[in-house]
Each structure stands twice: as structure tokens, then as C-alpha cells.
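I have placed the structure first, in the form of C-alpha cells, so that the comments after it can refer back to it.
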Amino acid sequence: MSENALFELRNARLGYENTTVLEARDFTFSKSGVYALLGPNGSGKTTLLRALAGLHRPSRGHILLDGLKIYRGIRGPAAVETRRRMTLVAQSPVIFDASLLYNVAYGLRIRGVGAATAAERARAAIDKVGLAGLEHRNALHLSGGEAQRAAIARAIVLKTGIVLLDEPTGNVDVENTAIIESIIRDVSERAGVTIIFSTHSRRQAQRLANHAVHFARGRLKLESPDRPAGYLWDS
Amino acid sequence: MGLLSESISSAIALIANCEPEVMSAVGTSLIVSVNSTLLAALAGVPAGFYFGTHNFRGKSILTASLHTLTAMPTVVVGLIAYSAFTARGPLGGMSMLYTRTAMVFGLFLLIIPLMTSLSLAATQSIHTGIRDTALTLGATPFQAAMAVFREGRFAYLTAVATCFGRSIGEVGVAMMLGGNIKGVTRTMTTALALETEKGEFPVAVALGMILLVIALCVNALLHFLKARSERI
């Protein structure tokens, strides 16, 4: 295991029932940095993100986080601790039928953070994603772009070291795309944070990421992982 | 029309004067239906939640059986409970026949399939992503289950209200297990049937009006809770 390795896919096969979506014989995501997962629909980007989040079990092989298997089922303190190191924002985020403030504070409250502190931190995160003033609105009544930003606020408020984003701008307009990209940039500047996001847009990957992972015919290919960011896009 | 309008004005007077016979039937109805609904909610909602969130062998047979049992005629439920409580039945030694306890038990048997079935449907209607979302935000399996449960809270409340309505409006089980004993096991519905048969329309109309008001109050409470929750 490399010192700098965060996620390691070892002979991993991901799929559903008898269908293989993605195979990775030996693939590593390093600590820190922003990874863009690029590939067409159905290439396995979402499946990989779910597997990294511990929600999808490889049908063969292993995915390791800091050298330890990620998928050990959802039960047990170790599994919970692993999940609490990261957050995953889905492409179509699922919003709880409750206020925006409740939604954003949820992850803090289940970690045992007090109500007042959780509310204060949630308000700051809501402000950061540009939704200040909507704290008490039922989050189900937010627009698509607002809901996406709410889901991102719900993730960034936790200040986890790993942030997984599944097509964070896939369903939003240009204005919301700019806001979301600005938030991702902001989060990526925090020390020690690793962001892995999927996108169809090579331009967006160029704007945000310093590593690009291509999904081609069910396999992963990393573009120059150890080179400076600018180099990746020149070839 | 004259008979109905006369009955309504007499009924209003009966209600305003808190006529003991009417109030006794109202009290008995509320006691047996609230208790049977509470018991059914305590058993049926968690059961429906479990069936809705877990996959196991025989689940489809169980679901089909539940749906079938919701349509079981009340007199059949009454007959089953009666055969248990009668002197020669397995629970005959407890001397519970023609008591409120027997009525609560019978009504519980009547509404438990409906409560479980509605709770199962409510759980299945909740977005499957709720649990995964809670897990990705760091929830333990129990916290994730609670997130799903919270999401379905109004559907579960609606299930409880529906079952309460079925319980309080029921005649067959109340008659067979309660025996319609005045002041003891006479409910609004059994009294209403009896008074109508006797031609005592004002009492019957008064009981009918109270039943409607109770149904209205339960629905108004549900709407109030939902509206208040949406404002939070």
C-alpha cells in the first residue's frame, strides 16, 4: 500500500446481479486533490461512487480505504466510522420532508452535536451555498438547483475529509452550475480534503479537477495522477 | 324530511343536555375504539415498517394474506373472537365475553391487518433513497431506519386514523362480543342500530351526529399536524 493511497481498488468488479459494470484490477485514488470521473451514461461512475461510499459491495475483489476494506456491511461501529469519514451527494439528491435547516443539520445531529451548535453550523453552510433566508422553508419545496445546493450544504457542513459528488451539476442551470463549482473549489482548498466527482463535461473536469479518471469499456484509466494539474489537459 | 328535521332538533337538545344514555354510549365507543386502535398501532405500525424495509422468504404470501384479511367481514372476526371467549372456548375461563375487554380484543383483531397493511404500503411509498441518504450522512442503521420512519409519519398517522374510524364505526364485533348491554358495552353504533329499530330517531340521529363530529375532529387534527409540520 502506498503511503499516499486513500482508496485502493484491488481486482474489484462492480455490478448488479450477473452484469459487470466496472472492473479495476489495481487502481488508487491518492489523498488530497480533486478527481473527476469522466464517462458516458452507464459506464459505472455512480456505481463506483456508491461503492466508495460503502453502499455497494464489489461482486469480486476489494475496495480499501487507508488499507482497510470499505464494505463490511452497514452494521457495526467500524462501518459507521468509515461512512462518517465521507459524504456522498447523489445526482438527484433525496431531500428529507422537513425544513432546510433540519436537512442540513441532520448529519451533525446524528453525530451527537447539540441542537444550538448544529443549527449555527447549518446556518453557516446554508449561507455558503447561497440559500440564506430559506432555513425554515420545507426543503421539498426548493427548486432543483436549490435542492442540489441544499444537498451540498448538508454534505459540506460535516467537514469530512472525503466528499463524493455524483454529477453535482447534472440537473441544474448555468447559474446554479457556477455557484456549485465555486463551492467545490472552496471545499477543495481545505487542507487534506479529497473530492471525487462524476461529470459528463470535460471542460468542467478541467476547471475543477487535478486528476481525471476515464471510464472506458468498463475499465478505469487515470490521467497522469502525479503530474501538475495543468499537464493533464494538454495531452 | 319533516321526521329528519324534527329528529335533528331533538338530537341537538339531547346532546346539549348531555343525555346520560347518549353520553354512556359515546364513552364506551371511545374507550374501546381508542384502546383497540392504540394496541393495533403499537403492533401493526412497527410490523408494517419491518415488512416494508426487509426482504425475506414468504413476504409476498404474507402481503397477499394481509390484503385478504383487511376485507374479512366483521361478523367473521366477531365469530372467531366469540368462539375464543365463549365458555367452551380456549379463553372461556377468563369470563371476558360481553365485556369491554372482549370488545377491544375483537376490534384489535379486526383492524390489525388493515393497520399493518396500510403501514406496509406507507413504508414502501417512501423514497428508497431516504435510507441511503441517511447512511451517507453518517447514520447508524437504526438512525437510518428512524429517518425512513420520520418520512412516513403522516402516512402512519393516516393509517391510525383510518383504523380508528373503522373501529369506532363497527357494529358486528361490538354486538357479538359486547352484547349491547346498556351502560356497559353499548356503543354508539350498537345503540344507533337499536334506537333506529325501536323508532327512537332523535337518539339515533344524535349518535350519528356525534360519530360524524368525531370523524371530522380526527381528520382536522391530521390536517393541523401536517400543516404545522410543513411550516417548520
Side-chain angles (χ1 to χ4, degrees), chain A residues 46 49-50 52-56 73-77 79-113 135-141 150-151 153-160 162-166, chain B residues 45-46 48-57 59-60 118-161 221-232:
Chain A
T46 299
L49 286 170
R50 285 177 57 80
L52 295 178
L55 295 175
H56 187 91
I74 62 162
R75 290 170 203 287
V80 174
E81 281 313 307
T82 301
R83 282 203 307 277
R84 287 187 176 180
R85 290 186 56 189
M86 61 184 105
T87 49
L88 167 66
V89 178
Q91 183 183 359
S92 301
V94 176
I95 300 293
F96 299 132
D97 181 6
S99 69
L100 174 60
L101 191 64
Y102 176 93
N103 269 271
V104 178
Y106 177 81
L108 295 170
R109 296 290 287 131
I110 58 174
R111 282 166 169 78
V113 176
E135 289 87 349
H136 297 288
R137 183 183 290 186
N138 186 309
L140 289 180
H141 299 162
R154 197 166 58 178
I156 64 172
V157 74
L158 301 172
K159 296 191 173 165
T160 54
I162 305 163
V163 180
L164 309 170
L165 302 155
D166 191 6
Chain B
V45 174
F49 181 78
Y50 181 85
F51 299 152
T53 51
H54 290 75
N55 287 318
F56 50 88
R57 190 185 281 184
K59 183 175 172 178
S60 55
L118 290 175
S119 300
L120 168 63
T123 307
Q124 286 175 331
S125 73
I126 296 166
H127 197 295
T128 51
I130 290 288
R131 179 176 172 274
D132 280 357
T133 300
L135 290 173
T136 59
L137 291 169
T140 63
F142 179 75
Q143 288 169 331
M146 284 303 100
V148 174
F149 190 82
R150 187 189 181 283
E151 210 65 13
R153 60 202 182 278
F154 292 113
Y156 300 126
L157 272 179
T158 304
V160 172
L221 181 67
L222 268 181
H223 280 282
F224 169 75
L225 289 173
K226 190 159 185 353
R228 207 180 79 154
S229 162
E230 281 178 354
R231 281 204 306 271
I232 291 169

What are the two closest non-hydrogen atoms of D97(A) and R150(B), and how far apart are they? O-NH1, 3.2 Å
Please find the pair of heavy atoms, one from R83(A) and one from L135(B), that lie closest to each other, and give the distance.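 Heavy atoms only, the tightest pair is NE-O, 3.2 Å.
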Highest number of heavy-atom pairs under 4.5 Å with chain B: which of R85(A), R50(A), M86(A)?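 If we count pairs closer than 4.5 Å to chain B, R50(A) comes out on top.
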Option in L101(A), I110(A), L108(A), V89(A) with maximal non-hydrogen atom pairs under 4.5 Å from chain B: I110(A)
When rounded to the nearest 0.5 angstrom, what distance separates [atom1] in [X] from [atom2] in [Y]?
{"X": "T136(B)", "Y": "L49(A)", "atom1": "OG1", "atom2": "CG", "value": "11.5 Å"}
{"X": "L140(A)", "Y": "E151(B)", "atom1": "CG", "atom2": "CD", "value": "6.5 Å"}
{"X": "L137(B)", "Y": "R109(A)", "atom1": "CG", "atom2": "CZ", "value": "14.5 Å"}

Non-hydrogen atoms of chain B under 4.5 Å away: do they reach the side chain of [X], the backbone, both or neither?
{"X": "I95(A)", "result": "backbone"}
{"X": "Y106(A)", "result": "side chain"}
{"X": "L158(A)", "result": "side chain"}

Quick one: which of A147(B), G138(B), A144(B) has the most heavy-atom pairs under 4.5 Å with chain A, could you say? G138(B)
Count the heavy atoms belonging to other residues, nucleotides or ligands that lie under 6.0 Å from CZ of F142(B), then report whether that count exceeds 12. no
What do you reckon, is NZ of K159(A) surrounded by more than 12 foreign heavy atoms closer than 6.0 Å?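 No - once you tally the heavy atoms of other residues, nucleotides and ligands closer than 6.0 Å, there are 12 at most.
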Pairs flagged by side chain to side chain donor-acceptor pair (under 3.5 Å) wherever residues 87-96 of chain A is involved - sequence neighbours left out: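 Qualifying pairs: Q91(A)-E167(A), S92(A)-N171(A).
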I'd like to check the side chain to side chain donor-acceptor pair (under 3.5 Å) partners of Q143(B); sequence neighbours left out, ordered by chain and number. R84(A), T140(B)
